[in-house]
Participant: 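This is the structure I want to talk about, given as structure tokens.
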Amino acid sequence: MRQKTIKAYRIDLAQFYTFMLKYPDFTSKTAINEYISTLHKKYQPKTVKSKIATIRVFFTTYCVKR
């Protein structure tokens with residue numbers, strides 16, 4: 001994986017983390033939907049799609065119970 005990609009993932013997850021600090025349950029659909037809504041207000045669609053993909057990988061890799 002390229003360093004640039006890793007840096008982008010790190011930034012995406014840090015932004016998600018910072019936003020979610022105000023929610024006790026960061027896995028709440030309401031909280032996640034509010035975050036995505038905020039992304040749409042700040043970024044272009046391609047950027048939003050990339051940030052959502054990063055979060056999706058994080059949840060499916062580290063948060064889903066197996």
Participant: Do the numbers put K7 on top of the ring of Y9, so that NZ or CZ is under 6.0 Å from the six-membered ring centre and no more than 45° off the axis?
Facilitator: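 Because its charged atom misses either the 6.0 Å distance or the 45° angle limit, K7 does not stack over Y9.
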Participant: Can you check whether K51 reaches I36 side chain to side chain, under 4.5 Å on heavy atoms?
Facilitator: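 No; the side chains remain at least 4.5 Å from each other.
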Participant: Kindly compute the distance separating CE (M20) from OG (S28), expressed to the nearest 0.5 Å.
Facilitator: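 Taking CE in M20 and OG in S28, the distance rounds to 7.0 Å.
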Participant: When hydrophobic residues are tied together by side-chain contacts of less than 4.5 Å, even through go-betweens, does L13 share a cluster with L21?
Facilitator: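 In one cluster with L13: L21, no.
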Participant: Hey, does the side chain of S37 reach the backbone of N33 with a donor-acceptor pair shorter than 3.5 angstrom?
Facilitator: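 Side chain of S37 to backbone of N33: no pair is present.
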Participant: Output the distance between atom CZ (R10) and atom OG1 (T5), rounded to the nearest 0.5 Å.
Facilitator: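 If I round to the nearest 0.5 Å, the distance is 11.5 Å.
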Participant: List the atom of A31, the atom of F19, and the distance in Å for their closest heavy-atom pair.
Facilitator: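 Scanning both residues completely, I find the closest heavy atoms to be O-CE2, 3.9 Å.
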Participant: Rounded to the nearest 0.5 Å, how far apart are CD1 of I52 and CG of D12?
Facilitator: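 Output value for this atom pair is 10.5 Å.
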Participant: If we ignore hydrogens and angles and just use 3.5 Å, is the side chain of T18 paired with the main-chain N or O of A14 as donor and acceptor?
Facilitator: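 Side chain of T18 to backbone of A14: a pair is present.
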Participant: Going from CD1 on I55 to CD on Q15, what distance comes out if it is rounded to the nearest 0.5 angstrom?
Facilitator: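 One finds 9.0 Å between CD1 of I55 and CD of Q15.
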Participant: Decide if atom NZ of K46 counts as having more than 12 heavy atoms of other residues, nucleotides or ligands within a radius under 6.0 Å.
Facilitator: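 12 or below, so no.
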Participant: In this structure, would I6 and Y17 fall into the same cluster of hydrophobic residues linked by side-chain contacts under 4.5 Å?
Facilitator: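 Different clusters.
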Participant: F59 and I11: same hydrophobic cluster, using ILVMFWY side-chain contacts below 4.5 Å?
Facilitator: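 No; tracing contacts between hydrophobic side chains, which count when under 4.5 Å, never links both residues.
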Participant: Determine whether a donor-acceptor pair (N or O, by modelled atom type, separation under 3.5 Å) exists between the side chain of T61 and the backbone of F58.
Facilitator: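 It does not hold such a pair.
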Participant: Any heavy-atom pair between the side chains of F16 and T54 that's under 4.5 Å?
Facilitator: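 Not in contact.
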